[in-house]
Amino acid sequence: MAEAAAIQGTVPSPARRWLRRTASLAVAAPLLTGFLPVLHAPAAAAAETATHAGSTKRAGTVDVSLDTLTPSAPVESDTLTITGTVTNEGKQAVTDATVDLRVGPRMTSRSAIDEVSGRRAYRDGRDPAPLGGPYTVKIPELGAGLSKDFTLSVPVSKLGLDDAGVYQLGVSLSGETPNQSYPRVLGIERTLLPYQPEATDKKTQLTYLWPLISTAHVSSETGADQQQTPVFENDDLAAELAPGGRLHEMVSLGRNLPVTWVIDPDLLASVAAMTEPYMVKSGTAEVPGKNQAVAERWLNDLEKAVQGRKVVALPFADPDLASLAHHGKDVPGSLTHLQQATALASSTVETVLHVKPSTDFSWPVDGAVDPSIMAVATSAGAHNVIARSDSFRDDLSYTPTSARPIGGGTTAVVSDAGLSKAFQGEMIRAENATLAVQEFLAQSLAITLELPEDQRSVVVAPQRMPSTSQAQTMAKALEGLNTKRWTEPLDLTAAATQSDPEASKRVPGSGSYPKKLREQELSAGAFRQIKETRDQLDDFKVILTAADRVVPPFTNAISREMSTSWRGEPASAALYRQEVQDYLLSLTQEVKLIDKSDLTLSGRSATIPVTVQNRLLQGVDHLVLKLRSGNKTRLELDRNGEATRPVKIDGGHSQSVKFDASANANGPVTMTAQLYTEDGTPYGEPMTFTVKVSEITPTVMLVIAGGVLLLVLAGVRMYSQRKRAAARNAEAEAASDAAASAPDPDAEAGEGPATEPEAESEQPSDPTPDTGAESGDPSGPGEKVDR
């Protein structure tokens, strides 16, 4: 390189020229004092175009946009090509304009890179001189509000890059305006150029997480068919899976990159459900989904992409660990559900993708941790927590290896904040994407050159749900590392086993947790509502004969209620929780007591029926019905104040449950009927009705009196009939005796007197009952009772 500079003669190294210029200005400063009046106009112009570091360009300047820079990490034999656009944002035309390339000195630290990236406006004396010569673009005139494209092509050997490292690269536009007719810099854009022509002896091991995570799309509802057709909240997931969609790009790009796949199993389960018939909510109705082919194609592509690669499965639905730690851990059952979500992760990934994932990693939002988050993150069995260096800070002059054993068998895998946040901005504009790629590559090279004799492991954990343009930019940056001149890929499991004894192992205190992140967390009220839903499900499932048709959809929905994806969407999160709870309540109310009207009990004993209705599509069992007398002195049930009967009903049927009652005194009695599960937990709302007890009512007395009167009259009549009959018999005997003493002509003929037998008298019996006796036994399953 030194020989090349000598041959060039008139084109010395820009970095050396910048250093010589700075030194000359320092020596000549006293001599220039007398000339300040003469130089007043240019100095004022320079001050007008300069702003402090990190500020935006002032109005009236020219915006310089760098759209492409290839190759992004050149070697000496390459030709660097930069394309871009200059736009006159002022109100005056710019004339005699020149687009120049400016190469700054080599930067020796990551902080120096950050300082250059933060500068916006041109600073005379601090920005390097233009490369000049043939490596400029002339623009005779650039009208107000107009733009002009440019292309700069420069052999890398002409850039004067002395040593391997990161260099500032600036593209500026200089020109004149009518009110200031002297050349000056009107706009500049800076980027970074990583230059490592030969492979380093010790390459940085780079672990890049490639997240496949989405929002909650599936509701708790399912169809009544045997397949339990799932019901989606919307069909937005199909747009993400289709060509050009976010998740489609993540898979198509990631399959060719050296990354560790980090997957939310809920996403896989949702897409797998879409491969079969599914329904989508549309207002108050549900319409069939039509994207089975899109879902099936995406799953097939993903399955091929992850074969032989490292896959990390997050707990099902990616629960918000920080929210659990700060608001949910004190609500009973919340951590238990986290354990269930972790257990479900592995089986889901294996079933859908046919690969065995690692479930040993937890990932709090943005890698922000404190002691309570670390405790919750490891409570479900994970031993590695993915943190970030802006939370887990170090006081070192270099970037340490990511893994930090913090005791208790737990390792904090601290991702690099600068690299992890490199692509969080809007990457649709080509300029933003180009600058992000160059900074990422520059920072990664700077890490390697910090301690070139030591190999370190660095983890990059980008945003959870990159947009399509962000994913494309991330892929471009990783492709820039394909030459492996200063980095080499490493999977996350291997990265978690390496550590740096000098790195901090102290977990940040709770007061260091970012306020902005805390404001986005699920509230304690949200976790209490989640618990209510979970308790309702526990009470409901014990009575079902086919609980497996109900429990999994609701369990998954409860997991989605705790998802990290709800951050920044409190209204949507609340609506989802309420819909799940309301739907579960509507199902539990399908098994209920039928309202009963008041009744009157006449006599000392009777049977009281109570009807239980089951409008579910499956049978219910393990229920008992308890009927309680409000006054057992007046009305007893099974010789007590209450009675219990088992309940078992087929789906879509009702059952009349009968209770024997005994009356002891007249008067109204309030009866209370309540369903319970077998463990004594009340099920549904109680039902009350009134029984009017009357042992001998006026009507009964009238009936009895009438009966007695009829018996008396019947007796009198029978007595009269018998008395008249006796008189007739006496007269007949007297006549017979008289006839016997007189001669009888017939007697001579041998005919005797004819006698007539006496008829028997009968008493009518009681009429036979036309109904059977009441039974206290429960009716059989499927019995339908008319009210």
Side-chain angles (χ1 to χ4, degrees), residues 68 70-72 206-215 217 235-275 289-314 318 348-349 351-355 357 419-420 422-430 432-434 436-437 440-441 460-484 487 489-492 565:
T68 65
T70 55
S72 54
L206 188 72
T207 302
Y208 205 102
L209 307 188
W210 201 252
L212 288 184
I213 301 172
S214 187
T215 56
H217 295 281
D235 216 5
D236 294 349
L237 183 56
E240 294 189 66
L241 304 175
R246 186 181 70 85
L247 292 172
H248 179 273
E249 287 299 294
M250 291 293 291
V251 172
S252 62
L253 294 170
R255 66 189 305 170
N256 299 317
L257 298 173
V259 295
T260 294
W261 297 82
V262 180
I263 300 177
D264 175 9
D266 179 37
L267 173 61
L268 300 183
S270 300
V271 179
M274 287 180 63
T275 62
K290 301 178 180 179
N291 291 285
Q292 288 87 349
V294 171
E296 187 170 355
R297 184 165 54 249
W298 186 84
L299 275 185
N300 289 337
D301 291 343
L302 177 59
E303 184 177 354
K304 295 175 183 177
V306 300
Q307 295 304 315
R309 311 284 289 278
K310 178 57 64 177
V311 175
V312 171
L314 299 174
D318 187 21
T348 303
V349 174
T351 300
V352 178
L353 296 182
H354 306 101
V355 296
L419 298 180
S420 298
F423 309 105
Q424 287 187 356
E426 180 52 69
M427 297 293 146
I428 293 180
R429 290 187 59 195
N432 293 346
T434 297
V437 168
F440 179 87
L441 296 177
V460 181
Q463 57 273 30
R464 267 177 154 72
M465 291 187 281
S467 66
T468 299
S469 59
Q470 289 172 343
Q472 293 167 344
T473 309
M474 288 159 52
K476 185 175 181 181
L478 290 174
E479 290 167 356
L481 296 175
N482 279 345
T483 57
K484 300 179 183 179
T487 65
L490 184 70
D491 67 66
L492 184 60
S565 65

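No experiment lies behind these values; they were computed from the predicted model shown.
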At their closest point, which heavy atom of Ser214 faces which heavy atom of Met465, and how far apart are they?
CA-SD, 3.6 Å
Which one of Leu314, Val311, Val306 satisfies the side-chain contact (heavy atoms from CB on, under 4.5 Å) criterion with Pro357?
Val311
From OG1 (Thr275) to CG (Leu299), nearest 0.5 Å:
6.5 Å
Between Arg246 and Pro466, is there a side-chain heavy-atom distance shorter than 4.5 Å?
yes
Anything under 30° is parallel, anything over 60° is perpendicular, the rest tilted; go ahead and classify Tyr208 against Phe440.
perpendicular
Separation between CD (Gln470) and CD (Gln424), nearest 0.5 Å, reads 7.5 Å
Taking Ala461's backbone N and O only, do any of them form a donor-acceptor pair with Ser420's side chain (distance below 3.5 Å, no angle check)?
yes
Atom pair OG1/CG of Thr487 and Leu481 - distance to nearest 0.5 Å
4.0 Å
Specify the closest pair of heavy atoms between Leu353 and Glu303, including all atoms of both residues, with the distance to one decimal.
O-CG, 3.5 Å
Run the side-chain contact (heavy atoms from CB on, under 4.5 Å) test on Leu302 and Leu212 for me, step by step, so that the C-alpha distance in whole Å, both residues' side-chain angles and the decisive distance to 0.1 Å come before the verdict.
CA-CA 10 Å; Leu302 177 59; Leu212 288 184; 3.5 Å; yes
For Gly254 and Val259, which heavy atoms make the closest approach, and how far apart are they?
O-CG2, 4.1 Å
Out of curiosity, Asp264 CG to Ser270 OG, how far, rounded to the nearest 0.5 Å?
8.0 Å
Is it the case that Ser467 and Ser469 place a side-chain donor and acceptor less than 3.5 Å from each other?
yes
Does some side-chain heavy atom of Val352 sit less than 4.5 Å from a side-chain heavy atom of Val271?
no
Would you indicate whether the side-chain heavy atoms of Pro211 and Gln463 approach each other to under 4.5 Å?
no
Just verifying a value: how many Å separate Asp301 CG and His248 NE2, rounded to the nearest 0.5 Å?
6.0 Å
Quick one: are Leu267 and Ile213 in side-chain contact, heavy atoms under 4.5 Å?
no
